[in-house]
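The structure appears below as structure tokens.
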Amino acid sequence: MSAIPQNLQVVRDGIAAAARIALRDPQSVQLLAVSKTFDAAAVVAAAQAGQRAFGENYLQEALDKMAAVKAAQPDLLLEWHFIGPIQSNKTRQIAEHFDWVHAIDREKIAQRLSDQRPSALPPLNICLQINISGEASKSGATLEQAPKLAQAIAALPRLRLRGLMAIPEAAESVALQRLPFHRLHQLWQALREQGLDLDTLSMGMSNDMTAAIAEGATIVRIGSAIFGKRDYAK
Ligand SMILES: *Cc1c(COP(=O)(O)O)cnc(C)c1O
């Protein structure tokens with residue numbers, strides 16, 4: 001039997017507990033199940049246990065999985081989030097097949113997604129990725145670039161800028177994990193004060209979810225705690 005329904009319940013309980021400690025409504029934290037490297041059967045198992053939103057990093061893998069899920073369960077209404085880095089030659093299929101994109105850090109990519117978003121679909125939901133730990137090797141806009149980039153993205157007609165996303169450097173303790181999430185929340189607040197209509201902070205993964213929720217995460221992106229350890233060799 002699959003462990004996915006039980007794992008999902010453990011993660012949901014963890015979200016609710018972290019929210020209660022932070023004096024937040026557990027309903028204010030959405031669970032995004034990150035299904036990269038896991039197959040369509042894993043997605044179906046999670047969906048049958050009530051999970052609706054799924055995150056994917058690799059375009060071809062995601063498109064194949066969406067088709068397989070649809071073939072197996074045509075009536076499932078799922079929400080798909082693209083959370084990986086995006087190359088410009090991939091924007092059309094992302095604009096056509098996803099509901100959300102979390103890792104935008106360049107205006108050029110955002111412009112292409114807006115141009116390519118089919119008119120029959122609602123605007124594509126966008127999070128701007130911020131390199132919150134300032135690591136030279138990591139993607140994401142800098143804190144300094146963020147205000148101008150956010151204003152530019154918010155002005156694109158077929159996108160809806162929802163908020164910010166970050167993947168901080170690993171840290172030892174919950175207290176240390178909270179620092180970069182706190183900085184992201186402060187930037188988010190500053191952008192809202194500049195008039196941007198943001199409602200989303202996409203932050204927190206399996207290992208730092210509690211710290212992220214304490215600092216105001218509205219979407220946590222959880223993979224291994226739901227689906228198990230990833231095997232990239234497959
Ligand atoms: C893989 C991935 C996750 C999930 O990570 P886990 O540690 O398995 O919870 C979350 N966000 C992004 C951007 C990812 O690439």
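Just the heavy atoms: all of them, side chains too, but no hydrogens, waters or symmetry mates, feed the values below. In listed order, ligands and their atoms are each counted from 1.
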field: Heavy-atom proximity to atom 14 (C) of ligand 1, best of Lys36, Arg221, Met205
entry: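 Selected option, by shortest heavy-atom distance: Lys36.
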
task: Run the ring-centre check on Trp80 versus Phe98 and record whether the distance is less than 6.0 Å.
output: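 Ring centres of Phe98 and Trp80 not closer than 6.0 Å.
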
field: N or O pair under 3.5 Å between Ile167 and ligand 1
entry: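 No; the residue has no nitrogen or oxygen that sits under 3.5 Å from a nitrogen or oxygen of the ligand.
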
- request: Could you please spell out the steps behind the salt bridge (charged side-chain N to carboxylate O under 4.0 Å, His left out) verdict for Asp115 and Arg158?
  value: CA-CA 7 Å; Asp115 292 346; Arg158 299 293 296 138; over 6 Å; no

message: Please determine whether a side-chain nitrogen of the Lys or Arg among Glu215 and Arg178 lies less than 4.0 Å from a carboxylate oxygen of the Asp or Glu.
response: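 Judged by the 4.0 Å cut-off on N to carboxylate O distance, Glu215 and Arg178 do form a salt bridge.
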
message: Can you tell whether the side chains of Lys65 and Asp39 come within less than 4.0 Å, N to carboxylate O?
response: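 Salt bridge flag = no for Asp39 with Lys65.
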
Please identify which atoms of ligand 1 are closer than 4.0 Å to at least one heavy atom of [X].
X: Ile222; result: 9 (O)
X: Gly223; result: 4 (C), 6 (P), 8 (O), 9 (O)
X: Ile83; result: 11 (N), 12 (C), 13 (C), 14 (C)

query: Which is it for Asn207 and ligand 1 at heavy atoms under 4.0 Å: side chain, backbone, both or neither?
result: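 Near ligand 1, Asn207 shows nothing, with every heavy atom at 4.0 Å or more.
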
- prompt: So which bit of Asn57 gets within less than 4.0 Å of ligand 1, heavy atoms only: side chain, backbone, both or neither?
  reply: side chain

- prompt: Distance only, no hydrogens: is a donor on one side chain within 3.5 Å (strictly under) of an acceptor on the other, for Gln30 and Thr218?
  reply: no

field: Result of checking Gln129, His81, Arg162, His102 against Ser202 for side chain to side chain donor-acceptor pair (under 3.5 Å)
entry: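 In the set Gln129, His81, Arg162, His102, the residue that makes a side chain to side chain donor-acceptor pair (under 3.5 Å) with Ser202 is His102.
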
- prompt: Is the shortest distance from a heavy atom of Arg230 to ligand 1 less than 4.0 Å?
  reply: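 A heavy atom of Arg230 does come that close to ligand 1.
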
statement: The protein heavy atom nearest to atom 9 (O) of ligand 1 is Ser206 OG, 2.5 Å

statement: When every non-hydrogen atom of Leu128 is compared with those of Leu161, the smallest separation belongs to N-CD1, 4.3 Å

